[in-house]
Amino acid sequence: MTRTDYDLIVVGGGINGAGIARDAAGRGARVALVERGDLAQGTSSASTKLIHGGLRYLEHYEFALVREALREREKLWAIAPHIIWPLRFVLPYKPGIRPRWLIRLGLFLYDHIGGRKRLPGAKSLDLTRDPAGTVLLPSFTRGFEYSDGWVDDARLVVLNARDAADRGADILTHHDVTNLDQGVDYWTVSLGAPDGVQRRITARAVVNAAGPSVLALLDTAHAPHHFSIRMVRGSHIVVKRLFDHGRAYFCQNDDGRIFFAIPYEGDFTLIGTTDSDHHGPLADVRASAEEIAYLCDAAGDYFRQRITPADVVWSYAGVRPLVDDGSDRPEAATRGYRFERAGHDAAPLVSVFGGKITTYRTLAEGAIAQLADALPMLAGPSWTATKPLPGGDFPADGAPALTAALIHDFPFLSPAHAARLTRLYGTTARTILGAATGHADLGAHFGHDLYAAEVDHLVQREWAQTADDILWRRTKLGLRLSAVQVAALAAYLARLNSPGSPS
């Protein structure tokens, strides 16, 4: 058998690729994860940021998908309690869209088909008495409340990649796959490196987890495929905080679609998503003016405080590569996933079609199962459901205690700063703070509570290279820093990344 550089090369640094790389590395495979941009730069940082079963998917009879996702909620919460936590959702009842009995039935199924253990169940609400009703239009008098979860989506990707690297994987960001060539028992993958140098690496198997570019990569490999994908753009807006409590809202539109209004980064509310077929380029996906106006109008049908496009402080969009199941409307297209295997039995190429962030871990197990005959080391037992992601080695409800301990041991930290470090890094926050006894020990201050010690950690341990990597994916401080502060951070990173700078 030919000696190769790796057992497995995973192409695509989104949540599916990072999850597969972690799982395979933990089973003893030599793994490389290749991403042409930054980790989570595409769809995986542009989600609605929910760990959820998908209540609305019950309406499309996707019972197996909903059950799988519901079973994952508490597992993911347990392995990453710093970036995943429970969230209660208020569903105001709006007559004329879905009957009350149907909603009750859906919530009953939601509570009972997924093995819920720690999350509280659904209940009815009197919105004339409950504080959740005070921000809604007076016409909303009845509603329901149920449980799902929140996730920092981009950090979930980065932490899976970090754990993969800790288990021996090579993470190659900013490397573009230019060609895939199959030999008798191995693949040669040609890469364009950031410095412009072309290099080749070899592996016994390849996973194509390129998301919206899955078909383009198959074309590069001259591999046939039987599945098609449907590009569906989901857009979101962020506005100043619409409500003070910690619950989210699940709202039904008159056109049959739904949107969420979710507490976001303390001072903001996240509203989304849309479902629109996407036919344009993938390099720079943005929310259209029409989608922004749609979300503003939809929120105006529920909330007393009217919002307009002028109130939007940030918007973002991502393209979801859904399996094309022939649905007449993009919101009805399945969020399930499929695998397709090509190549020789001794050197398989497995492509991933579809998926959603909540099911990334089980998707990864499915991809591993597709490869086990060619890579025997992958045939071992599943392990990712119980091993914490980096920084997540504390109890699921332990974030407040972790924050309190940081404040005790590092008394110069403000409560808000300590809480932010806990929510991003969990127990790893202590590594960032080191032996600091004051802010001066953390280095240059870039604004809000971002210091050089944190930036250095993100560069050295989390593959961040640019200000956008740090401000919009590793943290969400892009919502808070001024243009002058962003420029100062970019200048610092340029010095840090320049030849001859200390590593």
Side-chain angles (χ1 to χ4, degrees), residues 15-16 19 43-44 47-79 84-91 97-123 144-151 153 156 230 232 234 248-253 256-260 262 272-273 275 320-339 352-367 382 384-385:
I15 187 56
N16 291 336
T43 306
S44 292
S47 75
T48 313
K49 309 185 193 311
L50 298 179
I51 295 295
H52 68 141
L55 181 60
R56 64 181 170 132
Y57 305 148
L58 291 174
E59 198 168 44
H60 304 301
Y61 308 108
E62 297 236 38
F63 298 112
L65 173 63
V66 174
R67 181 185 295 109
E68 178 184 355
L70 289 173
R71 288 175 174 171
E72 283 297 291
R73 293 180 307 179
E74 296 189 22
K75 293 177 183 178
L76 297 179
W77 177 24
I79 66 172
I84 295 172
W85 57 91
L87 188 62
R88 292 290 278 177
F89 287 78
V90 175
L91 196 168
I97 300 180
R98 294 168 178 89
R100 193 176 300 178
W101 68 265
L102 183 62
I103 296 173
R104 288 182 184 276
L105 175 60
L107 291 173
F108 177 84
L109 291 172
Y110 209 67
D111 272 350
H112 290 89
I113 68 173
R116 178 180 57 86
K117 295 179 180 178
R118 301 190 62 186
L119 295 172
K123 66 178 184 180
F144 304 89
E145 184 178 292
Y146 69 95
S147 292
D148 261 325
W150 164 264
V151 63
D153 52 3
L156 184 65
R230 184 172 187 171
V232 176
Y249 291 86
F250 177 112
C251 302
Q252 305 173 86
N253 296 339
R257 300 180 182 182
I258 63 100
F259 72 91
F260 296 97
I262 304 168
T273 180
D275 286 293
R320 293 162 288 192
L322 306 180
V323 176
D324 191 351
D325 58 2
S327 299
D328 58 344
R329 294 172 293 122
E331 63 269 22
T334 181
R335 266 56 176 177
Y337 54 85
R338 307 286 188 274
F339 302 110
V352 179
F353 292 80
K356 61 197 293 279
I357 196 165
T358 306
T359 55
Y360 89 88
R361 196 195 61 79
T362 50
L363 181 151
E365 290 183 341
S382 301
T384 56

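We count residues from 1, following the sequence as given. Reckoned from all heavy atoms, side chains included, excluding hydrogens, waters and symmetry mates.
- Using a 4.5 Å heavy-atom threshold, the side chains of Val151 and Ile84 count as touching.
- The local environment of CZ in Phe63 is crowded, with over 12 non-hydrogen atoms from other residues, nucleotides or ligands closer than 6.0 Å.
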Trace of the side chain to side chain contact (heavy atoms under 4.5 Å, CB included) decision for Tyr360 with Leu156 | CA-CA 10 Å; Tyr360 89 88; Leu156 184 65; 3.8 Å; yes

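- Under the 3.5 Å distance criterion, the side-chain polar atoms of Asp111 are matched with a main-chain donor or acceptor of Ala122.
- When each of Thr358, Thr273, Asp153 is checked for a side chain to side chain contact (heavy atoms under 4.5 Å, CB included) with Ser47, only Asp153 meets the rule.
- The backbone N or O of Gly256 sits less than 3.5 Å from a side-chain atom of Arg98, completing a donor-acceptor pair.
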Take Leu50 and Asp148 through the side chain to side chain contact (heavy atoms under 4.5 Å, CB included) test and state the conclusion after the steps.
-> CA-CA 8 Å; Leu50 298 179; Asp148 261 325; over 6 Å; no

Checking side chain to side chain contact (heavy atoms under 4.5 Å, CB included) for the pair Arg118/Trp77: CA distance, chi angles, key distance, verdict?
-> CA-CA 10 Å; Arg118 301 190 62 186; Trp77 177 24; 3.8 Å; yes

Apply side chain to side chain contact (heavy atoms under 4.5 Å, CB included) to the pair Phe339 and Leu363, showing each step before the final yes or no.
-> CA-CA 9 Å; Phe339 302 110; Leu363 181 151; 4.1 Å; yes

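- Remark: side-chain polar atoms of Glu62 are not paired, donor with acceptor, to backbone N or O of Gly336 under 3.5 angstrom.
- Salt bridge status for Arg88 with Glu145: present, with a side-chain N to carboxylate O gap under 4.0 Å.
- Applying the ring pair (Phe, Tyr, Trp, His ring centres under 6.0 Å) rule to Phe250 yields the partners Phe260; only residues at least two apart in sequence or on another chain are considered.
- A 4.5 Å side-chain heavy-atom check between Arg320 and Asp275 finds at least one atom pair inside the cut-off.
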List the steps and the verdict of side-chain hydrogen bond (donor to acceptor under 3.5 Å, both in side chains) for Thr362 and Glu68.
-> CA-CA 8 Å; Thr362 50; Glu68 178 184 355; 2.4 Å; yes

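- Here the shortest heavy-atom pairing between Trp150 and Lys49 reads CE3-O, 3.1 Å.
- Contact of the Leu91 side chain with the Leu55 side chain is registered, since non-hydrogen atoms from C-beta on lie closer than 4.5 Å.
- Both tests hold for Arg73 against Tyr110: distance to the six-membered ring centre under 6.0 Å, angle to the ring axis within 45°.
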